[in-house]
Structures are given as C-alpha cells and as structure tokens.
Visitor: 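Supplied in structure tokens, the structure appears directly below.
Values below: all heavy atoms of this structure, side chains included; hydrogens, waters and symmetry mates excluded. We name chains A, B, ... by the order of the sequence lines, and we start the count at 1 in each one.
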Amino acid sequence: MSVLETVILGIVGKLGADEIKAWLPRLVIWLKDRAVERLPPEYQPRYEEEWASSLEEIPGDLSKLLYAFSLLRASSGIKLLASEGSRGWLRRSLESVVAIVALVAILPVGVAIAISIRLTSRGPIFSKHRRAGADGVEFTAHVFRAFQEETGKSGSQITPVGAFLTRFDLHCLPLLLNVVSGDLGLTEKFPRLPSDESESSDEDHL
Amino acid sequence: MKQTTPRITGPTLKVLREFLIRPTGGLSGAEIARSTGLPSGTLYPILFRLEKSGWLSSHWEEVIPSEVKRPRRRLYQITALGQSASRSAFREHLPSPSQLAWQS
C-alpha cells in the first residue's frame, strides 16, 4: 500500500467515524420518538420527558443507542399493560352517554345548587382538585364548593349549603362532566388526597 | 382505581430489591436500569405495572428544565404497600435466609 493510499484510507476512516458520531444522537432521538408514538396518547407526554431525561443520564453513545432501541419494546409492553386494566372504549362511550343524559336530567338541580352557593357565601361555585383517575392519569375534577373560601386561617369552615350538599353527596354532581370526558369511571370511587383537609367528605361513589 | 397484585418475575424482584436496598429519595429509570442491568424494554413495563398496582409511586424531579438545561427526571419511590408486599414476595420466592440478609 502506498503512502498516498494509507493517507486516503485514514482520512476516509476518520470521516466515517465522525459521520457515525454525528448521526448517532439523532438516531437515538428518532428511536425514542418512535417508542413514544406507540404509546396510548394519554401516556405520551410523560414518557416523552421521562425517556428523554433517562437517555441524558446514560453515558456513551452506544449505550444510549441500545437503551433507545429497547424503548421500542418498552412502549409495546406499556401499551399492552395499559389496555389490560383500563375500561374498554365501549364501556367508556356508554358511560359518557349515560353521564350526558344524567347531566341534562339534573341540570335544573345543578343550577339551583349553583345559585344557592353563590348567594350564601363568597367565592367560586366550584372547587378544583387534581386527582389520579382511571389508569392513573391525572385530571382536574370540579365539585360544588362546600367550604368557606380560605381566609388565611388554618382550616376552613363548611358552609350551610355545603353541609346539605355533602350529606347527600350532591356536591359531587359536577363529576359527571369528568365521566363524560372519560377521566373517571361511572362506578369508580372519587380518589382522595389525604393532604386536602377541605375534602374530607367528598369521597364519592357515583 | 382498581389495584391488582403484579405478577412477580425474576426481573420484577430485581427492581423491587433495588428499592428496598435504597429506600430514600427517588430513583430514575436510567439509575434502576444501570444498577439492575435490565434493558429499558424490560424495565419500564415493570415500573408501569408496579406503579399501577400501587407498589411504586412516581413524581417529577423538582427542577426547572430551562435552568438545568435538561428534561426533568421521573423519580420512582416504593410505597408502604410496596414495601410490605415485596417483602412477602421475597419470602415466597427466595426462601433461603442468606438471601434475605439485606432485610436485617
């Protein structure tokens, strides 16, 4: 082999290695994105971020590549597990329809409750809560406000209307909206947050 | 949410052991993968299953991505239910007392 050939081979080899080195990170991201795409839509944002950060933690391009490649199998596994426990689409749709019918039927009651909350205490009609719903996906639940709005003092007082509502679980009627959107099952318990003292009585069984 | 008992497999035990040995703070998927040697394709479905069963919980690392210039890590922690349930799973699957040395 002549000197020239050796030099050319060396240059080509170096260029080839540089090329691979430059493309590997892109391939890793591409694989991760394909894995995220295969997940059910509600899980995509979480795993997009989780896997991106995991890949950042892995040292070495080759290890990253193997990790990303294996994520394709991870997403298939998660997809399968997610469908196992979740309610089927038929049940979800049926529940939505039932919830819509129920919402229309109780609309006058709902309006009456909203007016009475508004007239008897200061503050919003609904109180918002972040909850883990069906399949562990977080959602915002609205219930009729049963407590006095926080005034800076610790602990808040139940309103007279609130006492009546919670006695009959009527404050949970707006949760039907979450059933319509599929966040919550019709027969599911409204998950509690132990840290929320103002919600000691709104565990619900619709 | 309906909670089921997860299927206990060899890799699942590996993951649970990791949480029992290092119970403080949270562990990211990459950390668990490194210490257990499990490929991500096996690990994440296990974490998903254990979280769904209430044995593990997870939360976002409390950093601002724009400040640390990387995405937030998702950190997994073992729950009280997970601790007691996995201890009995270990007793069932690894009956030899020498293998339970980490418990003492």
Visitor: Less than 4.0 Å between a side-chain N and a carboxylate O, is that true for B/R73 and A/E50?
Guide: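 Not counted as a salt bridge, because no side-chain N and carboxylate O are separated by less than 4.0 Å.
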Visitor: Quick check: closest heavy atoms across A/L81 and B/K52, and the distance to 0.1 Å?
Guide: O-NZ, 2.9 Å
Visitor: Measure the OG-CG distance between B/S40 and A/L55 for me, rounded to the nearest 0.5 Å.
Guide: 8.0 Å
Visitor: Side chain, backbone, both or neither: which part of A/Y47 has an atom under 4.5 Å from a heavy atom of chain B?
Guide: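 It is the side chain, since no backbone atom gets that close.
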Visitor: Enumerate the residue pairs fulfilling salt bridge (charged side-chain N to carboxylate O under 4.0 Å, His left out) with a member in residues 99-122 of chain A, sequence neighbours excluded, ordered by first and then second residue.
Guide: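 Residue pairs passing salt bridge (charged side-chain N to carboxylate O under 4.0 Å, His left out), neighbours aside: none found.
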Visitor: Where on A/E49 is there a heavy atom nearer than 4.5 Å to chain B: the side chain, the backbone, both, or neither?
Guide: both
Visitor: On a heavy-atom basis, which atom in B/Y44 and which in A/A74 lie closest, and how many Å separate them?
Guide: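 Looking at all heavy atoms of both residues, the shortest contact is CB-CB, 3.9 Å.
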Visitor: Let me confirm one number: the CD1-CZ distance from A/I58 to B/R34, rounded to the nearest 0.5 Å.
Guide: 7.5 Å
Visitor: Could you check whether A/R46 pairs with B/E51 (Lys NZ or Arg NE/NH1/NH2 to Asp/Glu carboxylate O, under 4.0 Å)?
Guide: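 Yes, charged N to carboxylate O under 4.0 Å.
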Visitor: Between A/R73 and B/T42, is there a side-chain heavy-atom distance shorter than 4.5 Å?
Guide: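 Yes, at least one pair of side-chain atoms sits under 4.5 Å.
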Visitor: Write down the atom of A/E57, the atom of B/E31, and the distance for their closest heavy-atom approach.
Guide: OE1-CG, 3.9 Å
Visitor: Does A/L15 have more than 12 heavy atoms from other residues, nucleotides or ligands lying within 6.0 Å of its CG?
Guide: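 It does: A/L15 CG has more than 12 such atoms within range.
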Visitor: A quick test of your reading: do over 12 heavy atoms of other residues, nucleotides or ligands sit less than 6.0 Å from CZ of A/R167?
Guide: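 Open.
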Visitor: So, does A/S53 use its side chain to make a donor-acceptor pair with the main chain of B/P71 at under 3.5 Å?
Guide: no
